[in-house]
Amino acid sequence: MNIKKNYNFKKNNKIIYNKWIKKKYFNSYYNKKKKSFYLLLPPPNITGDLHIGHILNYTILDILARKYKMLGYNVCWIPGTDHASIATEIKIIKLLKNKGININNLSKKKIYKIFLKWSNKYKKIIISQLKNIGCSCDWNREQFTMDKNNYKSVINIFIKLYKKGMIYKKKKIVNWDIYAKTTISDEEIIYKKKKNYLYYIKYFTEDKKNYLIITTTRPETIFGDIAVCINPTDKRYIKIINNNNKKLIIPIVNRLIPIIMDKSIDKEFGTGCVKITPAHSYEDFNIYKKNKYKLKNIINIFNKDGTLNKNCMFLKGKDIFYARKKICKILNKLGFLIKKKKIFSNIAFSDRTNTIIENRLSNQWFLKMNKFIKPTLKKIKNIKIYPINKYNNLFLKWINNIKDWNISRQLNWGHKIPIFYYKKNKIVANNFKKVIKIIKNKYKKKKINLNLIKQDNNVLDTWFSSWILPISVLNGINKPNNIDFNYFFPINILVTGHDILFFWVLRMIMFSIFFIKKIPFKKIYFTGIVRDNFKKKISKSLGNYKNLYFLLNKYGADVLRIGILNINNEYDFIFDEKMLIKGRNFINKIWNAFNLIINNKVKKNKKKNNNKIIIKWFNNILNYKIYKLNNYLNNYKFHKSYILIYKLFKKNFCSIYLEYFKKKNNNNFKKKTLHYFYILLKILHPYIPFITEYINNILNKKFKLNNKDIIISKWPKNKKLKFNKKIINKFNNTFLLIKYLKKIKFIKKKNNIYIKKKYKKKIKKIIYIKLINELSFIKKIKFKKKIKNNYILFFYKKIKFFILKKNIIILNEKNNIYNKILFYNKYLLKIKKKIKNKKFLLLAPKKIIKLEKKKKKDIKKKLLLLKKKYFNY
RNA sequence: GGGUGAUUAGCUCAGUGGUUUAGAGCAUUUGUUUUACAAGCAAAAGGUCACUAGUUCAAAUCUAGUAUCACCCA
């Protein structure tokens, strides 16, 4: 059979994937007789194509899905995409801007159309990429967070929470992008460390006899001051405060403001006196809320575009930076400005427009979170977290510190808040028709002016649709306790990056426990985060990654999958294309092993059973390794499990078993080999599904085997695996000795080795002599009573053997031995010191003391032998 | 500013208190094409395990501090 040198993934992967789909291997139905296994694909945002971070996450999910399918479970893996309101809107605004279009000038219908077009395009791309990677999702259950069912679910939940009184509207400081003239979410803010100035300004008391020096980075906001605040434990200013002069005069503005106290003020920052402008600072607003009764109304000083408004006297209409310069000049002239000091502080920038963010008061919708805390704390312990214990404390901290959730966003793309206004009435309803009904009933009118009904123009935070996903994708919200839901729920294990622990994972837990009193998933597996060469997180919004199609075309899906498993994915790691090479080489190795098995011709050997030893060994080692593999996988140690398979295949199977097979091939041996290869393909399949299935197809055809498709074959369970560790150890000894023998430089190719006769029994217990004869250059091992001087002594571990002097190349050998003697001498001293230490003998466990003493003995023996050998040359 | 994690070979990473010189892969150097695989095989070289202190008979491994980097939150 003519087979090309490499596996052709470009041609074959698609064929194989389509075959799986045709045979409906990915489909999941309600089936009482089978155990269910429910997985959810964390829906990627439709903001672009997938990147290597997704591959890590989805490969792990696919390994689980495929393994559990092979174990006989009814696997239901639901895929989907997320509308990602903010992130998508950013992308679209940029897209329109490049075309010279301002989104604010478009009608709502047009905007919606643009979004639909975009989302359809990227849904297609993402799903094709998921298929290209090999994800075994049930495509009949594909979801989109904005499709009909999910939309309904989201609105349903909003209304239920609203009716419970858990959703309210309130004025809150929001982040205002003065360039885009909209609010933006916290998620869109980037903090940059920038050089800034801290200004020291005099504020005189009412009687003008005293003054406080306040410190601020924003002198232009003095028009909005309504108080000056000091830490109550700060004793420096007691005199001034107690002097019946509790009011200060704002310079230039000449308005009186009170002095208040608050613990949140940092005494060390500047002078410890801070001016309070609640309309433009989150911290100030909090202080304002606490001291509301003492203070007058908040003064807003900014227009929507960030220029100063009519409250700012002569600076009306000017921008912030101009105003800051101007006001400093005047303060300086009048003697109010004492000094300015260089500092570095975190300044908020908009990710969208890269301009400075202003804080601004606005009306927002909130969800009360306090009712979620108790039930969550009760049940969260039932969720197991992997890697074990890594994030447990973090969860508890988050739950205990949770604040009310701002769920409204001022955007176009998202689930519209189902609140309608009619003549100062608030009406909550699922849709427009219901609103009309409600109004008609209330006012007992037959006709209403529809133009008077207006829907709230906010949309819901993206995560509001995400936190119900485990339930909503099984339609468990619109149709509670439907058959599918009862059968599959909860998710068996959630796999996701630890960076969305708070945003997504915790909220899903809280929602599910609060709403249906069940945990949404039994287990969570957190992956590390993939970083780029500059150690930054790889993300769609940064765009700091290579196109996935590029990598898929260059390496193929199988290589990508194992390439990323070469690294312990429990921690964050840097992705480098180079790390795929190890994977590529491994795939090549598998391909060529297959090549050998298929093409190696049966040799005419007289002996039929010449393969007994190697088969005995491989049977043992294979079962032992699979046993270990199962243990790793049961504890979700994906990296370790992969490394184990890698070594098993490359070292045990290729380097030893196949080398042997190549020489001694016969019919029996070939049958056995095909059998082992099939098992290896099985355990490799979850990691590299395409090539394993392809090879299996060809083997089936060529040898007319009746092996099942790998994807539905039976995974080897631990109960059925038999192995003997003593036998494995004996083989290991043998192979190590062979390796050692290979290092000796012989003149001729075939030599005899001589061992003293009295050790014959001992040696037969430790190693398989026959194997040494067959697998090394050694012609034969011979036992002799006496060994003369013309032999050179070698020893490996406890085995002493001799080789004829004239058959060996002696070059630097003597030097090497000398170095070894030096090394062991030093080592011996170390151990001697240790053993002489009384504390060590007293406190160390007996086992260790024994071990050390044994070491001492062994090394002494070794030294003796080395010295003998040294003089022998 | 608060929290979490990382720092081991030129690079990307394994290694959780004692296992006879801390391991892979890539890169480097040397040898090796009638050989399933040169994307192979065989070998060499390359490490005060970030730094400082502590706990311990014993520390890359545990604790604390410092430095650097990253992530999450504000």
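Both backbone and side-chain heavy atoms feed into the values below; hydrogens, waters and symmetry mates do not. Naming: A, B, ... by sequence-line order, numbering from 1 per chain.
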Taking [X] for the side chain and [Y] for the main chain, is one N or O donor matched with an acceptor at less than 3.5 Å?
X        : Y        : result
A/Lys862 : A/Ile821 : no
A/Asn401 : A/Lys397 : yes
A/Asn592 : A/Asn588 : yes
A/His639 : A/Leu565 : yes
A/Asn12  : A/Asn8   : yes
A/Trp504 : A/Trp463 : no
A/His280 : A/Thr277 : no
A/Asn544 : A/Asp532 : no

Return the polar atom pairs (N/O with N/O) between nucleotides 45-48 of chain B and the protein under 3.5 Å, or none.
none

Spacing of the [atom1] atoms in [M] and [N] (rounded, Å):
N     : M     : atom1 : answer
B/U29 : B/A36 : P     : 29 Å
B/C13 : B/U7  : P     : 10 Å
B/U20 : B/C26 : C1'   : 30 Å
B/A27 : B/G65 : P     : 42 Å
B/A24 : B/C69 : P     : 33 Å
B/U56 : B/C62 : C1'   : 9 Å
B/U30 : B/U68 : C1'   : 38 Å
B/A70 : B/U32 : P     : 47 Å

Length of the [atom1]-[atom2] vector between [X] and [N], whole Å:
X        : N     : atom1 : atom2 : answer
A/Leu580 : B/C13 : CG    : P     : 13 Å
A/Glu283 : B/C73 : CD    : P     : 17 Å
A/Phe638 : B/A14 : CZ    : C1'   : 18 Å
A/Phe594 : B/A39 : CZ    : P     : 21 Å
A/Asn595 : B/U35 : CG    : C1'   : 13 Å
A/Phe653 : B/C37 : CZ    : P     : 16 Å
A/Tyr391 : B/U4  : OH    : P     : 12 Å
A/Lys662 : B/U34 : NZ    : C1'   : 13 Å

Would you write out the dot-bracket form of RNA chain B, 5' to 3', with Watson-Crick and G-U pairs under 3.5 Å, [ ] for crossing pairs, | for pairs to other strands and . for unpaired bases? ((((((((.[[[[.)..(....]]]].(((((.......))))).....[[[[[..)....]]]]]))))))).
With a 4.0 Å cutoff (strictly under), does any side-chain N or O of A/Lys397 reach OP1 or OP2 of B/U4? yes
When all nucleic acid strands are considered with a 4.0 Å heavy-atom cut-off, which category describes [X]: base, sugar-phosphate, or nothing?
X        : result
A/Ile574 : sugar-phosphate
A/Glu659 : base
A/Phe586 : nothing
A/Phe573 : sugar-phosphate

Whether each nucleotide of nucleotides 19-31 of chain B has a protein heavy atom under 4.0 Å at its base (B), only at its sugar-phosphate (S) or at neither (-) is summarised, 5' to 3', as SBB--SSS-----
B/S/- along nucleotides 55-72 of chain B (protein heavy atoms under 4.0 Å) is --B-----------SSSS
Can you give me every donor-acceptor pair (side chain of residues 643-652 of chain A, partner residue at least two apart or in another chain, under 3.5 Å) with its distance?
unit_1, atom_1, unit_2, atom_2, d
A/Tyr646, OH, A/Lys650, NZ, 3.3

Is the ring centre of [X] less than 6.0 Å from the ring centre of [Y]?
X        : Y        : value
A/Phe9   : A/Phe690 : no
A/Trp398 : A/Phe395 : no
A/Phe653 : A/Phe618 : yes

Once the angle between the rings of A/Tyr642 and A/Tyr687 is folded into 0 to 90°, is it parallel (under 30°), tilted (30 to 60°) or perpendicular (over 60°)? tilted
Please verify the inter-ring angle class for A/Tyr657 with A/Phe669; under 30° counts as parallel, over 60° as perpendicular, anything in between as tilted. perpendicular
Anti/syn call for B/U66, syn if |chi| within 90°: anti
Would you say A/Lys857 has more than 12 foreign heavy atoms packed within less than 6.0 Å of its NZ? no
If you assign each of A/Asn533 and A/Ile848 to its closest nucleotide in RNA chain B, which residue comes earlier from the 5' end? A/Asn533
Could you pull out all donor-acceptor pairs under 3.5 Å where a side-chain atom in residues 568-583 of chain A meets a protein atom, sequence neighbours excluded?
unit_1, atom_1, unit_2, atom_2, d
A/Asn568, OD1, A/Glu570, N, 3.1
A/Asn569, ND2, A/Tyr525, OH, 2.6
A/Glu570, OE2, A/Lys637, NZ, 3.2
A/Asp572, OD1, A/His498, NE2, 3.0
A/Asp572, OD1, A/Ile529, N, 2.8
A/Asp576, OD1, A/Lys578, N, 3.2
A/Glu577, OE1, A/Lys546, NZ, 2.7
A/Glu577, OE2, A/Lys554, NZ, 2.8
A/Glu577, OE2, A/Tyr555, OH, 2.7

